[in-house]
**Student:** 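Below is the structure I would like to discuss, written out as structure tokens.
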Protein chains: 2
Amino acid sequence: MSPIIDRIKKELIQAGIQPTYQRIQIVKYLMENRNHPTADSIYRDMSAELPTLSRATVYNTVNLLVEKNLLGALNITGTETHYDYYFRDHQHFLCIRCGRIYDISVDCSLMQKKVPEIDGHRVDEIYGYMKGLCVHCRKRENQ
Amino acid sequence: MSPIIDRIKKELIQAGIQPTYQRIQIVKYLMENRNHPTADSIYRDMSAELPTLSRATVYNTVNLLVEKNLLGALNITGTETHYDYYFRDHQHFLCIRCGRIYDISVDCSLMQKKVPEIDGHRVDEIYGYMKGLCVHCRKRENQ
DNA sequence: GTTATTGCAAAATATTTGCATTATA
DNA sequence: TATAATGCAAATATTTTGCAATAAC
């Protein structure tokens, strides 16, 4: 068995997730496609190789991975949710022109270290993102 | 004319928005209801007083206000968009138990001052939010 | 009087659910 | 063999759109 598949299997089992063929393939896809795909884009891309795959399985799987903290969910566009498998220690930038999402590193104590409590609320997760015009669109438009 | 209505009218005109009755009333609602309503909750609440109001008008209006930078849009839950009329200089906290959204002040240079550029991308807007267990749910559950 | 906005219903989009079939432990 | 996951279709939820009626300048 491929060492990548084996590693994914172990990771899923450790998280308490049954490592089915579909789940392993979806995780493999997420590891290989770091362009912040949506559930539907994962489904469409993977359908070529895995024609029996269903949207429901993709949605079930990404929801499960997010719940078990193996996958990051990004609600940055306001429409679909984008996913990020290597989601720790970076934030995101959405280009308002082309819609691409970029990984960015922000030097901000809030983002780097966990704030345990604020106004009495227990803080479990911290999210940060930015919107603007990306480097490619700036070049194209001279802005 | 009420001074509040008059102020809203001026604000809309200044932003280049025609101050129709529905738009003024929606802005008035947003000023008086700072619990981060959704388009649908605005529609449902306002329907009692304004039975002819339509969902389309609410959606049109909030989209227009966001576009003209008079209203903040929050995609924090992953489902519906929540709105915040006084959206400057604070961030948000979502309780994973009760779903309430709280305003919080975060001492973070990233949030306080605008970063003009990062990795070559032009930064127009910066968002930050947190998720966890709110002070009320913590008390109830002793967590 | 012309242009813009509203309201309604239908459409579009994103996601979830019920349930029979299939795979996993 | 019992339990859990998959796949399909239908359902649900959120938001947008087309268009006739109405309101604003």
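This structure is a prediction, so every number in the text was calculated from the model and none was measured. Chain letters run A, B, ... following the sequence lines, proteins first and then strands; every chain starts at 1.
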**Student:** Expressed in angstrom and rounded to an integer, what is the separation of B/I24 atom CD1 from D/dA23 atom P?
**Tutor:** 15 Å
**Student:** Once you round it to whole Å, what is the distance between C1' of D/dT6 and OH of A/Y21?
**Tutor:** 14 Å
**Student:** Hey, does the side chain of B/H36 reach the backbone of B/I101 with a donor-acceptor pair shorter than 3.5 angstrom?
**Tutor:** yes
**Student:** Using atom CD of A/Q22 as one end and atom P of D/dT6 as the other, report the distance to the nearest whole Å.
**Tutor:** 5 Å
**Student:** At under 4.0 Å, does any side-chain N or O of A/Q18 touch on OP1 or OP2 of C/dA23?
**Tutor:** no
**Student:** Could you work out which one of D/dT16, D/dA24, D/dT6 sits closest to the side chain of B/N63?
**Tutor:** D/dT16
**Student:** At under 4.0 Å, does any side-chain N or O of A/T52 touch on OP1 or OP2 of D/dG7?
**Tutor:** yes
**Student:** Nearest to the side chain of A/R55, which nucleotide is it out of C/dA9, C/dT15, D/dG7?
**Tutor:** C/dT15
**Student:** CD of A/Q25 versus P of C/dA23: gap in Å, rounded?
**Tutor:** 15 Å
**Student:** Assign each of A/Y43 and A/L64 to its nearest nucleotide of DNA chain D by heavy atoms, then name whichever residue's nucleotide is nearer the 5' end.
**Tutor:** A/L64
**Student:** Give a yes or no on this: more than 12 heavy atoms of other residues, nucleotides or ligands lie within 6.0 Å of atom NZ of A/K28.
**Tutor:** no
**Student:** May I ask you to decide if A/L53's main-chain N or O and A/T57's side chain share a donor-acceptor pair within less than 3.5 Å?
**Tutor:** no
**Student:** Taking 4.0 Å as the cut-off, does a side-chain nitrogen or oxygen of A/S54 come that near to OP1 or OP2 on D/dC8?
**Tutor:** no
**Student:** With salt bridge (Lys or Arg N to Asp or Glu O under 4.0 Å) as the test, would you mind laying out the steps for A/K68 and A/E11 before giving the verdict?
**Tutor:** CA-CA 11 Å; A/K68 298 293 187 181; A/E11 220 166 273; over 6 Å; no
**Student:** Measure CG/B/L50 against P/C/dG7 and give the value in whole Å, please.
**Tutor:** 7 Å
**Student:** Between B/T81 and B/T20, which has a closest nucleotide on DNA chain D that is more 5'?
**Tutor:** B/T81
**Student:** Is there a donor-acceptor contact under 3.5 Å from the side chain of A/R34 to the main chain of A/D84?
**Tutor:** no
**Student:** Take atom OH of B/Y59 and atom C1' of C/dT5, then tell me their distance rounded to the nearest Å.
**Tutor:** 19 Å
**Student:** From the set C/dC8, C/dT5, D/dG7, return the single nucleotide nearest to any side-chain atom of B/R23.
**Tutor:** C/dT5
**Student:** Expressed in angstrom and rounded to an integer, what is the separation of B/L12 atom CG from C/dA4 atom P?
**Tutor:** 17 Å
**Student:** Rounding to an integer number of Å, can you tell me how far B/N60 CG sits from D/dT16 C1'?
**Tutor:** 9 Å
**Student:** Where the side chain of B/P19 is defined as all heavy atoms beyond and including C-beta, which of D/dA24, C/dA9, D/dC25 is the nearest nucleotide?
**Tutor:** D/dC25
